Amino acid sequence: MHELAITQSIIAAVTEHIGELKVTRVVIEVGALTSIAPHAVQFCFDVCAKGTNLAGAELEIVEVAGRARCRGCGNESAFEGPIPWCPCGSLNFDLVSGHELKIREVEVL
Amino acid sequence: MCATCGCSEHSSDPPAEPGTDPHPHMHPHTHSHEPHGESGHDRSAHIHEGWDEGGSRRVRLELDLLAKNNRIAERNRGWLEGRQTLALNLMSAPGSGKTTLLERTIRDLGGEFRLGVIEGDQESSQDAERIRKAGAPVVQINTGTGCHLDAEMLGRALRTLDPPPASWVFIENVGNLVCPALFDLGEDARVVIASVTEGEDKPIKYAHMFRASDLVVLNKMDLLPYVQFDVDRFLVHSRSVNPRARVLQVSATRGDGLSAWYEWLRERRPSQARSLEMR
């Protein structure tokens, strides 16, 4: 399952940027539309962090809501999927947010 | 110069990729550029100030995890453009008929165009064997536990396949209607293949995949008399999540509807091939 690979890449990216410091907390943003299950990332994190500088660190997952902008009238609204619907009648949308997958910040000793 | 804080401490570093932070940021910070002494110039030594919260410090990273994949995908795209070669990313649930459609396409179009295939499966080279027997060069990627292909895998496979100029590369992604949609490979177009044995509500249940695709192929039309599949409802659902994508109704085993598929491919064919044919 790919939450495992994603969790491993979170740990690798933090280690690459933080170096030798001990990490006590990691804050990540996961967009609601990424089809990544936060609880699965949480599940993998403790296991994957063992033996790294992130061992024992707390993982905070910030879920970013989906927002879509109608290509017909420009109206922007919250979007949970699967089908966006605009009051103007258009079904044609650009996604503004909800696809994020990023490490926002860490706390280190 | 660092784009976030303006410091020139890391001026010798390569330019930061958009969406990534070249070095961790602590705020407020001062930059006295005196030598660091024994701590040297490794990255951890540059975290020299920050605010304390019970002994720990916050470091803002803003690292986009998909940025690396997208970078490699763009590199693949450039590599393919340099060879005037088009890559198509074929995605579907397991068992929709991707490999059968490719076997048929190779047999029917192999004389007219240069075709190559990159196969993605968790394990085994069964699909690659079928493609080889159909007569096209093929590279098999085994992802192990991975549920999708990513740009790095594709880059390596492309270099191994080494397609000649003005050819097509069909990428048969891992059978999965969820994850492959998230990963740009560097393809020219995305094709999602569904089949009448799967239920007409697939486009709305797996909207992300259908929205991300340029073409929808509805396969196994020969089985329509034996299943309860409402084609019109499938078309409505598909159009509602993706008004732009055409839906082709085909039977890869019997050949029904494949002329429309071949026409769609011909419309996108590499431009050098077009000019070669005109000579």
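Keep in mind it's a predicted model, so treat the numbers as computed, not measured. In the text below, chain A, chain B and the rest are named by the order of the sequence lines, each starting its count at 1.
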Review point. So what's closer than 4.5 Å to chain A heavy atoms on B:L65: side chain, backbone, both or neither?
Key: both
**Study point:** For the student: nearest non-hydrogen atoms of B:D64 and A:L101, plus distance
**Key:** OD1-O, 3.4 Å
Study note, to complete from the structure: Okay, A:I28 and chain B: the region with an atom under 4.5 Å from a heavy atom over there is neither
Review point. If you measure from CG on B:L61 to NZ on A:K102, what distance do you get to the nearest 0.5 Å?
Key: 11.0 Å
Check your understanding: Taking everything shown except B:Q126 itself, do over 12 heavy atoms lie less than 6.0 Å from its CD?
Key -> no
**Study point:** B:C147 side, atom SG; A:L4 side, atom CG - distance, nearest 0.5 Å
**Key:** 10.0 Å
Exercise for review: Indicate yes or no: does B:R57 engage A:E107 in a salt bridge with an N to O separation below 4.0 Å.
Suggested key: no
**Study point:** Over 12 non-hydrogen atoms of neighbours within 6.0 angstrom of NZ in B:K68
**Key:** no
**Study point:** Side chains of B:L63 and A:I10 in contact at under 4.5 Å (non-hydrogen atoms)
**Key:** no
Point to revise | Straight-line distance of B:E62 CD to A:E105 CD, nearest 0.5 Å | key: 8.5 Å
